[in-house]
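Whatever order the structure lists ligands and atoms in, that order sets their numbers, starting from 1. One is the number of the first residue; the rest follow in order along the sequence.
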Amino acid sequence: MTLREPEEPKVFITEEAIRRRVAELGRRISEEYAGVENLHLVGVLRGGFIFLADLSRALTIPRSVDFLAVASYETAGTPKGPVRLITDLRTDIAGKHVLVVEDIVDTGDTLDYLMSLLALRAPASLKCCALLSKPACRKKEVRIDYLGFEIPDVWVVGYGLDDRGRDRALPYIGVRSSSGP
Ligand code: IMP
Ligand code: MG
């Protein structure tokens, strides 16, 4: 039996374009929170871990980091069940300036769920930064305060994003030809 490696995903957003955009977002967020004592970054696992790592280092203001995890798609393109919280934050966010850092906003269900959940904990402010958004897929209207890129309805992988656990560690954002633009 021969096992063939699946083809490499096609480059959709280059490493360099991601780097530039993350640096821009870092500058903008640093300016807008310049007067604030600390910005508390909330990373959404697992897809958001690389973006959070880079964005947190692009900031020039005092910041802290925490994570939560939600259940998401099981496989590319399969319909999802309701959003579930798998792991909660370690920190109390009451009175803190909170920025939720998401990999991608698709239907908007996850972000809508998270923002409602965190708003109940009385943060001083609550905003969201997403690397990618697929506006064509939106079912819930959600506000994205800081956005990296708008993309069409394609399944993207890399830079933290996966397809059934594959391709998360690619340095660029790619698509496989079956779902290409
Ligand atoms: P939403 O709740 O439909 O907005 O979905 C958000 C979550 O689904 C994201 O945080 C990702 O984890 C996952 N997701 C949506 N689209 C993609 C994609 O194209 N590639 C990888 N993961 C995706
Ligand atoms: Mg996510």
Participant: Within a distance under 4.0 Å of any heavy atom of Asp103, pick out the atoms of ligand 1 and give their elements.
Facilitator: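 Here the atoms of ligand 1 in question are 9 (C), 10 (O), 11 (C), 12 (O).
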Participant: For Glu102, counting its heavy atoms only, list the atoms of ligand 1 lying under 4.0 Å from any of them.
Facilitator: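 In order of numbering, the contacting atoms are 10 (O).
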Participant: Going by the rule side chain to side chain donor-acceptor pair (under 3.5 Å), which residues pair with Arg27 if we only count those two or more places apart in sequence or in a different chain?
Facilitator: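 Listed in chain order: nothing, the list is empty.
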Participant: For Thr107, take its heavy atoms, then give the atoms of ligand 1 lying under 4.0 Å from any of them.
Facilitator: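 Under 4.0 Å from Thr107, ligand 1 has these atoms: 1 (P), 2 (O), 3 (O), 4 (O).
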Participant: Would you call Lys134 a ligand 1 contact, heavy-atom distance under 4.0 Å?
Facilitator: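 Lys134: in contact with ligand 1 (<4.0 Å).
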Participant: State, without any angle test, whether Arg138 and Ser133 hold a side-chain donor-acceptor pair at a distance under 3.5 Å.
Facilitator: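 Yes, Ser133 and Arg138 have a side-chain donor paired with an acceptor closer than 3.5 Å.
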Participant: Which residues pass the side chain to side chain donor-acceptor pair (under 3.5 Å) test with His97, sequence neighbours left out?
Facilitator: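 His97: side chain to side chain donor-acceptor pair (under 3.5 Å) contacts with Ser125.
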Participant: Determine the minimum heavy-atom distance between Met115 and Val100, stating which atoms define it.
Facilitator: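 Heavy-atom minimum between the residues: SD-CG2, 3.9 Å.
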Participant: For atom 11 (C) of ligand 1, which of the options Thr110, Val83, Ile104, Leu45 provides the nearest non-hydrogen atom?
Facilitator: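 It is Ile104 that holds the nearest heavy atom.
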Participant: If you look at Glu102, which of its N/O/S atoms is nearest to the Mg ion (ligand 2)?
Facilitator: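 When I compare the N, O and S atoms of Glu102, OE1 is nearest to the Mg ion (ligand 2).
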Participant: Are Glu16 and Tyr172 close enough that a side-chain donor and a side-chain acceptor fall under 3.5 Å?
Facilitator: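 Looking only at side-chain atoms, Tyr172 and Glu16 do not form any donor-acceptor pair under 3.5 Å.
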Participant: Find the distance between CZ (Arg168) and CG (Leu161) and round it off to the nearest 0.5 Å.
Facilitator: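 Those atoms lie 7.5 Å apart.
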Participant: Do you know which N/O/S atom name in Asp103 is closest to the Mg ion (ligand 2)?
Facilitator: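 Atom name of the closest N, O or S in Asp103: OD1.
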Participant: Heavy atoms only: which of Asp106, Asp153, Val154, Asp109 is nearest to atom 5 (O) of ligand 1?
Facilitator: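 The nearest heavy atom belongs to Asp106.
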Participant: If I apply the N/O under 3.5 Å rule, does Leu111 come out as touching ligand 1?
Facilitator: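 Looking only at distances, the answer is no, because the N/O contact criterion of under 3.5 Å is not met.
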Participant: Less than 4.0 Å between a side-chain N and a carboxylate O, is that true for Arg28 and Glu31?
Facilitator: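 The answer is no: the pair does not qualify as a salt bridge.
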Participant: Taking 4.0 angstrom as the limit and counting only heavy atoms of Asp162, give me the atoms of ligand 1 inside it, by number and element.
Facilitator: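 It comes down to these atoms of ligand 1: 21 (C).
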